[in-house]
Amino acid sequence: MSGAFLAGVVAGYGIAVPVGAIGVLIVGLSARTSLRVGAAAGLGAATADGIYALIAVAGGAAVAAMIAPVAVPLRWVGAVVLLALAAWTARGAFRAGAGDIPGVRSTTPLRAYLGVLGLTLLNPATVIYFAALVLGSGGAGGGVWFVVGAFLASASWQLLIAGGGSLVGRVLTGQRGRLITALTSSLVIAVLAVRLLTT
C-alpha cells in the first residue's frame, strides 16, 4: 500500500509542478477573484489528474494506445480553447466601466472547477504519462493507493498555486492591478497555447 501511495505522490507532483497554461489560469483566477474560486479551479485540475491516473491504472498501455491517434486533435482543441480564453480575459481587461473584469465577479467556484477540469482533461499526455509510470513500475499493484497519492499530490500543489495567486491579488486589488494581472495572464496563456501546438 505505502509503496503504491508514494509512487502516486511522486507521479502527481511530477505532472502538477511544471507550471503550464492551467497553472497560470489558476493563479490568474485566484488573483482576480478569490481564493475559493482559485482553489476550486485547482481542484478541477487535480480531479483531472486523478481521473487520468485511474484510467492509467485500469487500462495502462491499452488506454495510452487508444488515445495516441487523437492526441494531436485534442492538443489543437486545447490550444484553441486556451487562445479563446486568453482573448476573452484581455478583452475584459480593456473594457470600460466600473473597473471590473467581465465574468470575474460571476465566476463561481463550481464554474471554475468544471472549466478547469474540462481544460485539463483535454491534455491526453497526462494519461500517457501515468500509464508509462504504472507500466514501468511493474503494473497496477495497489492501484487505488497510486490514484489517491497522485490526486492528493496534485491537489496540494494546485492549492498552493491558488494561495499564491490570492496573495498576489491582495497586493494588486486596484483597477490597474487587475488590468496588469489580466493582461499578464492572457499573454502567458496565449504563449503556452502556441507552445502546445509547436511541441
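The backbone N or O of A153 sits less than 3.5 Å from a side-chain atom of S156, completing a donor-acceptor pair. Looking only at distances, a side-chain donor or acceptor of T33 sits under 3.5 Å from a matching main-chain atom of L29.
One finds the CG atom of L110 at 10.5 Å from the CG atom of L117 (value rounded to the nearest 0.5 Å).
The minimum heavy-atom distance linking A46 with S154 is given by the pair CA-OG, 3.4 Å. Residues I26 and G42 approach most closely at CD1-CA, 3.6 Å, considering heavy atoms. Pairing each heavy atom of A150 with each of A53, the nearest pair is CB-CB, 4.0 Å.
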Practice task
Please report the C-alpha distance between L159 and L43 in whole Å, then the side-chain angles of each, then the deciding distance to 0.1 Å, and finally whether the side-chain contact (heavy atoms from CB on, under 4.5 Å) criterion is met.
Solution key: CA-CA 7 Å; L159 291 174; L43 290 174; 4.3 Å; yes

Practice task
In sequence, state the C-alpha distance, the side-chain angles, and the governing distance for V116 and I22, and then conclude on side-chain contact (heavy atoms from CB on, under 4.5 Å).
Solution key: CA-CA 7 Å; V116 172; I22 298 298; 3.8 Å; yes

Exercise for the section: Mind running side-chain contact (heavy atoms from CB on, under 4.5 Å) on F151 and D49 for me, showing each step along the way? Expected result: CA-CA 6 Å; F151 171 77; D49 289 345; over 6 Å; no

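The closest side-chain donor-acceptor pair between Y52 and T120, if any, does not fall under 3.5 angstrom.
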